[in-house]
Visitor: 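Handing you this structure, nothing more for now.
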Amino acid sequence: MMAVEDILDSPRGGETSATTLDLDRPDVAAYSALASELRGRVDGDVKFDEYAQVLYATDGSIYQARPAGVVVPKDADDVRAAVETATSHGVPVLPRGTGSSLGGQTVGRGCVVIDFTKYMDDIVDIDPEARRATVQPGCVQDHLDAALADHGLKFAPDPASSNRSTVGGGIGNNSTGAHSVRYGITDAYTEELEVILSDGSRIHTREVVLDGDEYDSILAQDDLEADIYRTVRGLVENHESEIENKYPSLKRSVSGYNLQKVIYENDDGEEVINLSKLFVGAEGTLGVIVEATVSLVTKPDETALALYCFDDLVEAMEAVPEALEFPVSAVELMDDEVFRLARESEGYAEYAEPIPEGAKAALMLEWDDELVDDFEAAVADTNAHFVDAGAAFDVLEAYSEESQGRLWKLRKAAIPLLMSLEGDPKPYPFIEDATVPPEELAEYVQKFEDVLEDHGTSAAYFAHAGSGTLHIRPILNLKENEGIEKMHSITDDVTDLVVEHHGAFSGEHGDGMARTEFNPKMYGPELWGAFKELKTAFDPDWVFNPGNVVYRDGPSDPGPDSDRGVGADMRENLRYGPDYQSVEPQTDLDFSDEGGFSHLVELCNGCGTCRQTDSNTMCPTYRASKEEVQTTRGRANMLRAAISGELPEDELYSERFQTEVLDLCVGCKGCQSDCPTGVDMAKLKSEVKHQYHQKEGTGLRSRVFGNIDTLSELGSKLAPLSNVAAELPGSRLLMEKVLGIASERELPTFSSESLEEWFEARGGSSVSPADARGKVLLFPDTYTNYNYPEPGKAAVEVLEAANVHVRIPSDLEPSGRAAFSMGMLDTARDRARHNVGRLRPYVDDGWSVVFVEPSDAVMFQDEYLDLLDGTAVELVSGSAYGIMEYLDVVRADDHLDFDAPAETLTYHGHCNQKATNKDHHAVGVLRRSGYAVDPLDSSCCGMAGSFGYEEEHYELSKGIGEILFGQVDESPGDVVTAPGASCRSQLGDRPGESRPPHPIEKLADALD
C-alpha cells in the first residue's frame, strides 16, 4: 500500500498495489495508522470513517472535498498533537468552525479537519474597561455578544450567520456584515492571537515595536517564529510601492494576505508589527488559532430604518454614495427579484407586503443613537434628498424594534429565497461579493448586466451597497459542463471589471476554492510571488489548507518536491458536476411540491443554520450533542451521499445509517420552517424509515409505539391495576430488556375513565347546535383520551362557555402521528383515509375539527396532505385547528368573561406548531384572558413522542430537556404551561416538579 503522503501526491485515480484510490473518496484504511496515533495523543474526538468524511466534505459553498478524517480537540495541546501527528504522516491540516463559508475554504481533499465547535468554544475573559475579550476559536459570535451585552459592548463585525458562525472562523475569513460602513471588518478588531504553527510550536502574536527589545529578543531565537518575523518585514519593505498600488482603498477587501496591514503605527506613535493581522483572512493557511483577543465597541441603544424605493436599479446604485454623506450605520440593497420571490413565499410574503408595486430596487438606511440624536429629523433629511428632490418614489420608515425587524427579515431572506428556486439551475455563490468603490457601483452594475447578458443568464442584486459590496448570484446549472464553463467565463469577465474599477474580488466571503485562482490577476506577479514566499515562511511544507489564498505553479515552486497546493481551478471539487447523478426513489409520500425526494435533499446548501443554538426550533439534537451528524445539514448530506452513490449501495438501509443518521431526528419539523431552503427532514426520515421497514421488517418496539392507542385503551380499561403493574419491582427492567424502554423514565399513568366516557356520561354538549356560535368536533387524541383527560375537559368547558357546540366523535381512528413518526406509512395512511372519510360530511356541514394535542393537529394540517390527495383531505385539513388556534382564529374568547389569576405564565410552545407557524395563537389568547405571558424561544423538549422513552436515546433526550429547563429557570414566570403531552411529561419529570398544565387548563382557570 502507498504511504499517505504518496496517495495525496499521486494523480487522481493513481494506481496502488492494492487498489485504485479515488481521491474524492479517500481510502479510510490508508489513514488507519494516522488515526490510531491521533487517538493515542488526542483527548478529544478522532473520527476517521466514511461517515465523518461525508459530513465534513461540504460547507456553505458549491464545493465538496472529502477529508481524511476529523479531530475535535478539547484544548490547545490536542491541537498541537493533531498538527504534529498529521504533518508527520504527510497529511495536510484544515481548521474549521461552523463550516458556513461560501468560498469553499473549509473543505479540503485528504485533510485532517480540526473542528473547534464542540469543546473549544469558551469565552476566556472579558475586560470591559479595556474593551477587549479573549475567546477560544469555537466561540459562537452571538454567544460572545450576549455575554457582552451587560457591559454595553459588542464585537463589531456582524455577519448574517452570527448565530452559528464562530469568532475563529470569522478571523480566518476576515468576516464583516451589514454594518461595515460604520465599523469596518474583523482585521481591525483582532489584537492578539495564540497560534500553533506547522512545526507544533505555539506563538503569541501581538503588537511588537519594530527594532525594540521584544522584537530583537524574538529575532535572537533560532526558530520558525524568528524566520517569520524576518520574512514578513522584508516582504513589506521590499514591496512597499506595489502594496500601495495594488491593494484597493475599500472598507472591505479580504482577498490575499494582509501585507498592507501587518506593519503600522500604533496609538502611541510607534511603528509596530502585528502578525495577528496576517492570520486574519488567511483561511487557516498559515497556522491554527487556538485563542483570540479582540477589541470591542459600544452597543447603540436604539436604531431607526428607512427603506427608499426606486423604479430603476441603476438609479438606486447612483444614490449609494449620496446616502453615505448622511450619518448612517448601514446602507443595504434589495432588488425586485427578492421582492417577487418573497411575495410568492408563504414564509416571507408578509414581510414583502409593504413594498410598493413598481419598486425595482430599494436602499435601506439605518441610523443609531450614537450617530444621531433625533431619528425623525435624520430621516426627514434623507427623505428630502431622496424622495422630494431625488429618484426615490416612496419611503417606508421604521422606528420600533418590531417594524425594523420585519425589514431586516426581508433583507436577510434574499439568499434562502433564491436558493429555494425549483429545478437544477440555482443562483450559486462564486462572484457574489466582489467589491468596488461605492461611487462606481452604478457603472459597475451596468457593465455587470452586460456580462450576464453575454452569457445568457440573469441574477438578483442585494446586500451591502454602502460598502460597495453586492451579492450577485448568476443563475446556472452546475450539473452540466456548459453551466460550469459559463461560471468560469463569467468569473473571468467580472474579475476584469473589478480590476478596472480598482476593487476587491472578495469583500466578505474570502478566496477559498472559488476565487484563489484569480488572485494573480488581482494582485499582479510581484505581490503574487510575495504571497507564495509568505506562505512558505509560515508553513514550509504547505500543510495548512493548501491551495487556498495562494497556490504554486508547479511541484518545485516553492517548497518541497510535492504537488500539494499546486494549481487552483474553480471548476474542480464541485459538489455537483456533470458526473453527479442521484437516484430518484419511488416514494410512498407525495414529494411533488418539493420537486421530488432527491431535489428536497439537494436543497440543503450547507449554510449551517441548523447549528444555531439559541433561537428557533431546529435542530434540538445538535444543541444537546454538538455533533454534525445530528444537524439537518448532516442528515441531508448523508442522504445525498446515499442516493448519489457516494456511499456504498444499500448503505441507506444499513442499521448504522438508520440508528446514527435517522433515528436521532426527533421529527420536530423545525427544519420545515427554520431551514432557509426548507429541507423537511422529518418528512424525508419518515419516507426512508418506511422503505427500511418494507425491506427489513418493522421491529416490535416500533409496532408497539406506532399502535400506542391500542395499548393505551387497554391500560385505561384496566386502570388502576395497569398503573400498579407498571410500578411492580422488575417491571421497568423487563420493559427495557424486551422493548428497549428506558427504565429511568417515568411512564404515563392511565385514567380509569376516558375522555370519551366522561363526555358521554355528562350527556354530551350543554350547548344546543341551534343556539351555538360554532360547531366543533373535539378529536380524542390518545394521550388526552386515555392518560390525562383534564385538558380535554377544560377544552369542552371553555368552548361551551364561548357558546360553541361540542361533540367528541367515537368512530375515529388515532391521527396516525405515532405511526407516521415510526415510518409506518401504510398504517398512517389507513388512519388518515378513515378519519377524512368520517369527517368530510361534518366539515361540509360547517364543523371545525379541534385538537388538544398539537402534534395531532399538525398531522391533520400537514402530513395528511402528503399521505392523501383530493378535495376531501384538503377540506378536512383546512378545517383542523389546535384548541388555542381555534379560539384565536374565530375570536371565541371575545365572548368569554375572565378573571385570571395575577400570575405570569412561562409558555413553552410545541415544536410542530412552531414549524407550521401555529404557535403564537396560545400566547395571544392567554394574554387577552388577563395573564402575563413569557413565551420561551425554545426548541423541542426532547421527549418527542416515543424518542424520550427509548433506552438508547434517554440520555440525549434528557440533554435536550436540560436546555429547556435552563430557559424555564431563567423565565420570570410563576407557572409553566405547555400544550404538548410530551413536553409536559419531560417538564414534569424534573426532580421536585409536577406536570405543567395545558394552556387550555389555564384558560379554564381564568374563566369568571
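Worth saying up front: this structure is predicted, and the values here are computed from it rather than measured. Just so you know, residue 1 is the first one in the sequence shown, and it goes up from there.
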Visitor: Test your reading of the model: is there a side-chain donor-acceptor pair from Ser752 to the backbone of Pro720, 3.5 Å cut-off?
Guide: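 No; zero donor-acceptor contacts below 3.5 Å.
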Visitor: Closest approach of Thr782 and Pro814, non-hydrogen atoms and distance?
Guide: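 The answer is OG1-CB, 4.4 Å.
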Visitor: Cationic tip of Arg990 within the cone over Phe965's six-membered ring, i.e. under 6.0 Å and within 45° of the normal?
Guide: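 Yes, a cation-pi geometry holds between Arg990 and Phe965.
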Visitor: Does Arg745 qualify as a cation-pi partner of Tyr954, given the criterion of NZ or CZ under 6.0 Å from the six-membered ring centre and within 45 degrees of its axis?
Guide: no
Visitor: Classify the ring geometry of Tyr788 against Tyr783: parallel below 30°, tilted from 30° to 60°, perpendicular beyond 60°.
Guide: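 The rings of Tyr788 and Tyr783 sit tilted, inter-plane angle from 30° to 60°.
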Visitor: How about Phe779 and Phe851: are their ring centres within less than 6.0 Å of each other?
Guide: yes
Visitor: What I want to find out is whether Arg817 reaches Asp781 closely enough, with some N-O distance under 4.0 Å, to be called a salt bridge.
Guide: no
Visitor: If you round to the nearest 0.5 Å, how far is OG1 of Thr631 from CG of Leu664?
Guide: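 Answer rounded to 0.5 Å: 11.5 Å.
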Visitor: So does Ala880 get a backbone contact from the side chain of Gln861, meaning a donor-acceptor N/O pair under 3.5 Å?
Guide: yes
Visitor: Check whether any side-chain N or O of Glu885 sits under 3.5 Å from a backbone N or O of Ala922 as a donor-acceptor pair, and report yes or no.
Guide: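 Side chain of Glu885 to backbone of Ala922, a donor-acceptor pair under 3.5 Å: no, none is there.
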Visitor: Could you tell me whether Phe898 and Tyr931 have their ring centroids closer than 6.0 angstrom?
Guide: no
Visitor: Verify, without hydrogens or angle tests, whether Asp674 (side chain) and Met618 (backbone) share a donor-acceptor contact under 3.5 angstrom.
Guide: yes
Visitor: Between the side chains of Glu744 and Lys958, is the shortest nitrogen-to-carboxylate-oxygen separation below 4.0 Å, so that they form an ion pair?
Guide: no
Visitor: Only one of Leu799, Asn803, Val804 forms a side chain to side chain contact (heavy atoms under 4.5 Å, CB included) with Val767, so which one is it?
Guide: Asn803
